[in-house]
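Scope of the values below: all heavy atoms of this structure, side chains included, with no hydrogens, waters or symmetry mates. Numbering of ligands and ligand atoms starts at 1, following listing order. Quick caveat: nothing in here was measured; it's all calculated off a predicted structure.
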Amino acid sequence: MAGFSFTATAGTCDGADLALVARTEGTPLYVYSRASIEQRYRALDAALAAHPHRIHYALKANSTRGLLEILMAAGAGVDANSGGEIAVARRAGFAPDDIVFTGVGKSAAELEAAVAADLHAINAESAGELERIDRIAQARGVRARVAVRVNPDIDAASHPGISTGGRGHKFGVPIDDARRVCREAAARPGLRLVGVHAHVGSQMTRLDPVRRTASTVAAFAGALRDDGVALEHLDLGGGLGISYDGAPAVDVGDYARTLLGAVAPTGLRLLVEPGRWIVGPTAVLLTTVVDVKPQSGDRHFVVVDAGMSELMRPALYDAYHRIAPVAPRTGPYATCDVVGPLCETTDVVGLGRRMVLPEVGDLLAVLDAGAYGSAMASNYNRHPLPAEALVDGGDWRLVRRRQTVDDLLACEPAAPAGEVLPRALPRVSR
Ligand SMILES: Cc1ncc(COP(=O)(O)O)c(C=O)c1O
């Protein structure tokens, strides 16, 4: 298997020495395995091979261009959640027909651009959005390809912050209204209703919600067919979970069989929008220990140079990531609260980890950081975005250079020489 290995002496990624990569590029640093991205994409594609399908990789998980180029070469389409993601996908080389556009709040400008581009499908979230798309398309004299996102009221059995298919969630058209909404959409002159879409949540580690969603959507497509509405595809979103703690995860073959068991009898093409499952395990975040502070007993704070500005998941969702020393020390174990450098108590990487107490300068790897890691990174506390390296055939190259303070300030004009306050504000005389 391609990817990362941590032994008693070294950490490597597909033959590249992680300590050397970190020494050369600095930390915090995301390191990706190209081979692992390709392997995972191909494994899912092969698992779905028995039925016409397309994998529309969810850009929100990670849209670093160097990764998109790999997935495009492998045959993926993409699922975009904003005009920005569509623009990045287009620049990476994806054609409009490779793109589906999801998103609970698409702006007028985003809808105009999406209709003009003739995307594979705009996954509409409401009757109002369908009406707006229809108006734009009619004004252009075209028919926009749309799918209706239904909210099937299914519990994803995942973290509440990443569950999206329940009655109280903001996403999609409630399933009880969706038949009428779809019939009306199919009758609009500016729309071509090509699909039904559902995505009930992310990091699903059980197949039951996947099965229930797939069979609900398949039955719904059958009802629409009875209404005389012929679809082209069913888009069952993403959501397949990965193992963050090393325990066995849902098998991708079982996942594919679960989807196909419901979709194959409809005869409709299947679209899926996986993000996390494809890229999550394909990266680590390398970080350097900058301070070690005793608490009580053998408990210590291990302060590292990456925190919630580089990897937000622990602060946002209490998410667990394994942490591995890249060059392990020998000695007694201690309980380590690995925390970031930001001015927030929630700025943690992992609490209560049993490991040999690291020393300042040691390198740690935060595992399974490929999804919702760099994509959610921010400039909080004016942290420049970290660099990202792609390991390919034992060597590596940067797919994103480290941001500089000049990059940060590029959007903020400096005050004219000698002025500190903007002109419009009254100066205080003393
Ligand atoms: C509509 C939609 N599709 C796909 C995804 C990707 O989910 P995941 O990364 O869990 O596969 C998401 C993520 O929340 C989503 O909202």
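Every atom of ligand 1 is numbered from 1 in the order shown, and the set under 4.0 Å from a heavy atom of Gly275 is 8 (P), 9 (O), 11 (O). Interface of Asp79 with ligand 1, defined as ligand atoms under 4.0 Å from a residue heavy atom, comprises 2 (C), 3 (N), 4 (C). Taking every non-hydrogen atom of Arg276 and a distance limit under 4.0 Å, the qualifying atoms of ligand 1 come out as 8 (P), 9 (O), 11 (O). Of all the atoms in ligand 1, the ones that sit under 4.0 Å from a non-hydrogen atom of Pro274 are 11 (O). Within ligand 1, counting atoms from 1 as listed, the ones closer than 4.0 Å to a heavy atom of Thr102 are 1 (C). Every atom of ligand 1 with a heavy atom of Ala58 under 4.0 Å away is listed here by number and element: 4 (C), 5 (C), 6 (C).
Distances from ligand 1 to the non-hydrogen atoms of Arg149 include at least one value under 4.0 Å. Using a non-hydrogen distance threshold of 4.0 Å, Ala371 does not register as a contact of ligand 1.
Annotation: the span from Glu184 atom CD to Asp134 atom CG amounts to 11.5 Å, rounded to 0.5 Å. Atom CG of residue Leu342 and atom OG of residue Ser378 lie 7.5 Å apart, to the nearest 0.5 angstrom. In this structure, CD in Glu232 is found 9.5 Å from CG in Leu271, a value given to the nearest 0.5 Å.
At least one donor-acceptor pair closer than 3.5 Å links the side chain of Thr404 to the backbone N or O of Asp407. Judged purely by atom type and a 3.5 angstrom limit, Thr266 has no side-chain atom pairing as donor or acceptor with the backbone of Ala218.
Contacts with ligand 1 closer than 4.0 Å are made by no heavy atom of Thr164, backbone or side chain. The proximity of Tyr372 to ligand 1, defined as any non-hydrogen pair under 4.0 Å, is limited to the side chain. For His199, every heavy-atom contact with ligand 1 shorter than 4.0 Å involves the side chain, none the backbone. With a 4.0 Å cut-off on non-hydrogen atoms, Met204 does not touch ligand 1 at all.
For Asp17 and Thr12, the side-chain atoms include no donor-acceptor pair closer than 3.5 Å.
Remark: minimum distance from atom 10 (O) of ligand 1 to any protein heavy atom is reached at Ser202 OG, 2.4 Å. Atom 3 (N) of ligand 1 has as its closest protein heavy atom Glu273 OE1, 2.6 Å.
His233 has its ring centre no less than 6.0 Å from the ring centre of His197.
The minimum heavy-atom distance between Leu398 and Ala387, with the atom names listed, is CD2-CB, 4.2 Å.
A salt bridge links Arg54 with Asp98: at least one charged nitrogen is closer than 4.0 Å to a carboxylate oxygen.
Contact of the Arg276 side chain with the Tyr372 side chain is registered, since non-hydrogen atoms from C-beta on lie closer than 4.5 Å.
Residue contacts with ligand 1: Gly239 is placed with a nitrogen or oxygen under 3.5 Å of a nitrogen or oxygen of the ligand (distance criterion only).
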